[in-house]
**Student:** 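I have a structure I would like to understand better, so I am pasting it below and will then ask my questions one at a time.
Counting starts at 1 for both ligands and their atoms, in listed order. Position 1 is the first residue of the sequence; numbering continues from there.
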Amino acid sequence: MQVLKFGGTSVGSVESIKQVIQIIENHRQKGDQIAVVFSAMGGITNQLIEIGRMATSGETDYMELVRRIEDRHFNVVKALIPVKEQSKVFANVRGIINELEDLLRGVSLIRELTLRTHDLITSFGERLSTTILTECVKSRGIPAQFCDARKIIKTDTQFGQAEVNYTLTNQLIQDYFAKTTDLQMVTGFIGSTEKNETTTLGRGGSDYTASILGAALNAEIIDIWTDVDGMMTADPRKVPNAFNIPTITYAEAMELSHFGAKVIYPPSLQPAFARNIPVRVLNTFNPTHEGTVVSRTAERRQYTITGISSIDDIALVNVQGSGMIGVAGVSAKLFGVLAAHKISVILISQASSEHSICFAIDPRGAENVKTILDAEFAIEISHGHIDNIAIERDLSVIATVGEGMKKSSGIAGKLFSVLGKNGVNIVAVAQGSSEINISVVINKNNLSKALNSLHNIFFQSEARVLNLYLVGTGLIGKTLLKQIFDQSEYLRLEKLLKVCVVGMTNTKKMLLDSKGVSLDDWRERLLTEGVTTSLPAFVEKIKDYNLPNSVFIDCTSDKDIVQFYESLLDANISVVTPNKVANSGPYAEYRRLQRTALNRGVKFLYETNVGAGLPIINTVQGLMTSGDRFLKIEAILSGTLSFIFNTFRPGTSFADVVREAKEKGYTEPDPRDDLSGQDVARKILILAREAGFPLEPEDVTINNLLPQSCLDAPTIPAFFEELENNNAYFENLLSTAEANGEKLRFVASFENNKATIGLRPVSAEHPFYQLTGADNIVSFTTERYKDRPLVIKGPGAGAEVTASGVFADVVSIGSYLA
Ligand SMILES: NC(=O)C1=CN([C@@H]2O[C@H](COP(=O)(O)OP(=O)(O)OC[C@H]3O[C@@H](n4cnc5c(N)ncnc54)[C@H](OP(=O)(O)O)[C@@H]3O)[C@@H](O)[C@H]2O)C=CC1
Ligand SMILES: N[C@@H](CC=O)C(=O)O
Ligand code: NA
């Protein structure tokens, strides 16, 4: 025997009823022995409740609503039952409606609606739907019989939420089914007392009917047909990556449903659970989908977590005071008074110090609870044993549920760590010793971020999502976007990383899309959909979005953007940048950013500040971490100047060589920064700081290479003009060096707390002599690398190598967050 139950949407329209009939026919064709339970047509129960209310308050137009109910059922008859059989069914439906009308007339006369009458009125929904469904099935040649559940489900007299008398009910069901071979079409939701008064079974009523029936008949399975593909790992409206759960245990379903998953109401499945009968949740509108099987034990799973659920709005009540420590009976009194006032408590947490108890409630009742507790604990409060009763609002609870969590270590660690890394403060925690639910209370504004980051971390076959915000779509920015686009498939498959660019801006326009901007047409979208921008507006948007695993990438050379870094890091957003400005300003500012990132558990990465993609900063940090000490740094740190002095020949134009360096993407946006030595000064300053020396910008001595007129040039074109004017000067520099068999190198050095940069002729024996192209070279002499220095050498400028360095920093944040 299999029991099928169809909910309100499944029997809500002609089209859906066709699906239902098809499902029933499929079972019949397979020879399955089935019984079918029906809810009222979607919306009818609420209408009946409204009609009851109207009749009680003397509103006469309730008859209009009754007409509409009748019409809706008649329309199904007209559409699904052959014409010659219709009149009999119309008469049948009319008979039921007449009974309802008589009842309502009585109610409107006495102007009183008891719970008992209320139950009787609402019973008409299931009686009407099941009557029609029975006729529809019969008209297709299936021997079916209408079964009024009031004959077989016996309850007490708690109208509205009656208790089932299982001994009597099981016997009645078994006797009834023993006597018939016809397909039984059973009204859900309703039963009757021993005196045959109509009762209803409360929330989840028709599921309950199916469960009672299944248990009494020892069914193989109970199929609950709904309008969704079973239960999901999270609410898909809040977590777009949520997916179907194929199997779940009763206990898990219970924990998840308590937290708002509305697909089924697991307490109504208790009779099936007690007899170990699996319940399958299926979709009438997608009948081939496997749905979710709820059973006593779930199969071995891929994930330790089964689902994540939330109650979006709660208030937390905190009862605290030194007078509570070691005093028995405080919680009994507290929860006793709450129970007496029928206040439902969602979550409780008490630390072993016994100094405070906090509990979560529906925020609508918060003021009332405060009044009640203030009165109940008035004496304790006046004596100072209990502080004031404090209410905290705008909170949410997230429940992470799964049998796989039992006796499995590291789950809580992972949960707290991912929330921590995303800046989600945990206000309260509760985990029962059943170990299948860890509930955390957080601020409501972090709910979406928390749900999505937890879902992302616990359902591991999914790629981790990294949300990127890019400022600067110039040379480095656009190259980075291209590299991310080209590499996205690899990252997804090999690194389980989904890199989403959710925001981008330049000086003209910004574009934000929380689903991610596709990187094949970002340029067009930025141009057409982008809106007027400013850095404060962009940063504000980022904070509003409040997405998990966020990274801010500064690919500008802007000097003012630095002011936003700290607040971004503070909001748990990592920062990656090739822009050297932040790290080469006042030392205190540099330190503050480092500390903020550290305190917040996020990353501030800038490998490309020195030597573009060459692993220079990482190397220094590695040496520092492992306890080495720096004695001397000697380096060529400008790709531009390297290129220039490797390319310039007497008799050619120095300005043209600088132009070529710019075209090749080696120079700063403003090439005066390179030629003035400013860029190199910043780099050696950053290196010295990374090596543990608290240098200020003015501690770097710049031996300038340019004639004064070039330094004074007010604009970039004027600068190039001055370079042309001074060609002889540059030729002279070069030929003097060459006459001595030397080459010109712009060298930065740091030793004995002193940083110096400047042009230096080097002879053939010097390791910097052989440098070609736009290469950089850095030589570190340290305690451990004293006899022979540690040397890093290679291309130190250019779009591809720089963007790839930025990219590597971004990906390392992905690995860190995972
Ligand atoms: N080239 C190289 O080899 C290396 C470069 N770097 C660093 O990379 C950074 C970027 O260089 P590059 O790509 O060549 O520079 P570009 O001039 O090509 O691009 C800069 C981008 O930043 C945008 N921008 C500037 N200021 C703002 C602002 N206030 N708000 C929003 N957007 C802004 C510009 O907007 P718009 O398009 O509207 O002008 C532009 O898109 C620099 O800091 C540089 O030092 C670091 C290592 C190596
Ligand atoms: N302009 C710089 C680029 C890297 O920071 C250089 O030439 O090295
Ligand atoms: Na580097």
**Student:** Flag Val610 as yes if one of its N/O/S atoms falls below 3.0 Å of the Na ion (ligand 3), otherwise no.
**Tutor:**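 For Val610, the answer is yes, given that an N, O or S atom comes within less than 3.0 Å of the Na ion (ligand 3).
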**Student:** Do the side-chain N and O atoms of Tyr590 and Glu696 include a donor-acceptor pair separated by under 3.5 angstrom?
**Tutor:**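 Short answer, no.
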**Student:** Which residue from Gly613, Gly639, Gly805, Ser642 reaches closest to atom 8 (O) of ligand 2 through any of its heavy atoms?
**Tutor:**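 Heavy atom nearest to atom 8 (O) of ligand 2 belongs to Gly639.
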**Student:** Can you sort out which atoms of ligand 1 are near Cys555, meaning under 4.0 Å from one of its heavy atoms?
**Tutor:**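 Counting from 1, the qualifying ligand atoms are 10 (C), 20 (C), 21 (C), 22 (O).
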**Student:** For ligand 2, which atoms have a heavy atom of Asp674 less than 4.0 angstrom away?
**Tutor:**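 By the 4.0 Å cutoff, the relevant atoms are 1 (N), 2 (C), 6 (C), 7 (O).
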**Student:** Which ligand 2 atoms does Thr667 reach within 4.0 Å, using its non-hydrogen atoms?
**Tutor:**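 Matching atoms, with element in brackets: 1 (N).
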**Student:** Taking the six-membered ring of Tyr816, is the NZ or CZ of Lys421 close enough (under 6.0 Å from the centre) and on axis enough (within 45°)?
**Tutor:**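 Judged by the rule, Lys421 and Tyr816 form a cation-pi pair.
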**Student:** So if I count the atoms of ligand 1 from 1 in the order they appear, which ones are less than 4.0 Å from some heavy atom of Gly472?
**Tutor:**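 Listed by number with element: 21 (C), 22 (O), 23 (C), 41 (O).
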**Student:** Apply side-chain hydrogen bond (donor to acceptor under 3.5 Å, both in side chains) to the pair Asp679 and Ser638, showing each step before the final yes or no.
**Tutor:** CA-CA 7 Å; Asp679 179 67; Ser638 169; 4.8 Å; no
**Student:** Just to be sure I read this right, does ligand 2 sit under 4.0 Å from the backbone of Asp679, its side chain, both, or neither, counting only heavy atoms?
**Tutor:**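 Side chain only; the backbone of Asp679 stays clear of ligand 2.
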**Student:** Considering only heavy atoms, which of Thr640, Thr533, Thr556, Val471 lies nearest to atom 24 (N) of ligand 1?
**Tutor:**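 Shortest heavy-atom distance from atom 24 (N) of ligand 1: Thr556.
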**Student:** I need the atoms of ligand 1 closer than 4.0 Å to a non-hydrogen atom of Lys508, numbered in the order shown.
**Tutor:**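 Within the 4.0 Å cut-off of Lys508, ligand 1 contributes 36 (P), 37 (O), 38 (O), 39 (O).
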**Student:** Looking at ligand 2, would Ser638 count as a contact under a 4.0 Å heavy-atom criterion?
**Tutor:**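 Right, Ser638 reaches ligand 2.
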**Student:** Please state which part of Thr473 comes within less than 4.0 Å of ligand 1, counting heavy atoms only: side chain, backbone, both or neither.
**Tutor:**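 The answer is both, backbone and side chain.
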**Student:** Using a 4.0 Å cut-off to any heavy atom of Gly665, which atoms of ligand 1 qualify?
**Tutor:**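 Contacts of ligand 1 toward Gly665, numbered from 1: 1 (N), 2 (C), 3 (O).
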**Student:** May I ask you to list the atoms of ligand 1 that are less than 4.0 angstrom from any heavy atom of Thr608?
**Tutor:**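 Matching atoms, with element in brackets: 46 (C), 47 (C).
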**Student:** Which atoms of ligand 1 have any heavy atom of Lys580 under 4.0 Å away?
**Tutor:**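 Listed by number with element, the hits are 45 (O), 46 (C).
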**Student:** At less than 4.0 angstrom from any non-hydrogen atom of Gly798, what atoms of ligand 1 do you find?
**Tutor:**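 This gives 2 (C), 3 (O) as the contact atoms.
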**Student:** Charged N to carboxylate O under 4.0 angstrom, Glu489 versus Arg492?
**Tutor:**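 Yes, charged N to carboxylate O under 4.0 Å.
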**Student:** Scan side-chain atoms only and decide if Asn579 and Thr577 contain a donor-acceptor pair under the 3.5 Å cut-off.
**Tutor:**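 Thr577 and Asn579 do not have a side-chain donor-acceptor pair below 3.5 Å.
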**Student:** Considering only heavy atoms of Tyr666, which atoms of ligand 2 have at least one such atom less than 4.0 Å away?
**Tutor:**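 Here the atoms of ligand 2 in question are 1 (N), 2 (C), 3 (C), 6 (C), 7 (O).
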**Student:** Say whether Tyr545 and Asn467, considering side chains only, have a donor N or O and an acceptor N or O under 3.5 Å apart.
**Tutor:**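 Tyr545 vs Asn467: no donor-acceptor pair found between side chains.
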**Student:** List every atom of ligand 1 that sits less than 4.0 Å from any heavy atom of Ala797, numbering the atoms from 1 in the order shown and giving each element.
**Tutor:**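 Answer for ligand 1: 3 (O).
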**Student:** Give the atoms of ligand 2, by number and element, whose distance to some non-hydrogen atom of Lys580 is under 4.0 Å.
**Tutor:**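 With Lys580 as reference, the close atoms of ligand 2 come out as 4 (C), 5 (O).
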**Student:** Do any of the N/O/S atoms of Ala612, backbone or side chain, fall under 3.0 Å from the Na ion (ligand 3)?
**Tutor:**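 Yes, since at least one N, O or S atom of Ala612 sits under 3.0 Å from the Na ion (ligand 3).
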**Student:** If you measure only the distance, is there a donor-acceptor pair under 3.5 Å linking the side chains of Asn726 and Ser709?
**Tutor:**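 A donor-acceptor contact under 3.5 Å links the two side chains.
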**Student:** Is the closest heavy-atom distance from Leu637 to ligand 2 below 4.0 Å?
**Tutor:**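 Judged by the 4.0 Å heavy-atom criterion, Leu637 does count as contacting ligand 2.
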**Student:** Would one find an N, O or S atom of Pro615, in either backbone or side chain, under 3.0 Å from the Na ion (ligand 3)?
**Tutor:**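 Pro615 does not place any N, O or S atom closer than 3.0 Å to the Na ion (ligand 3).
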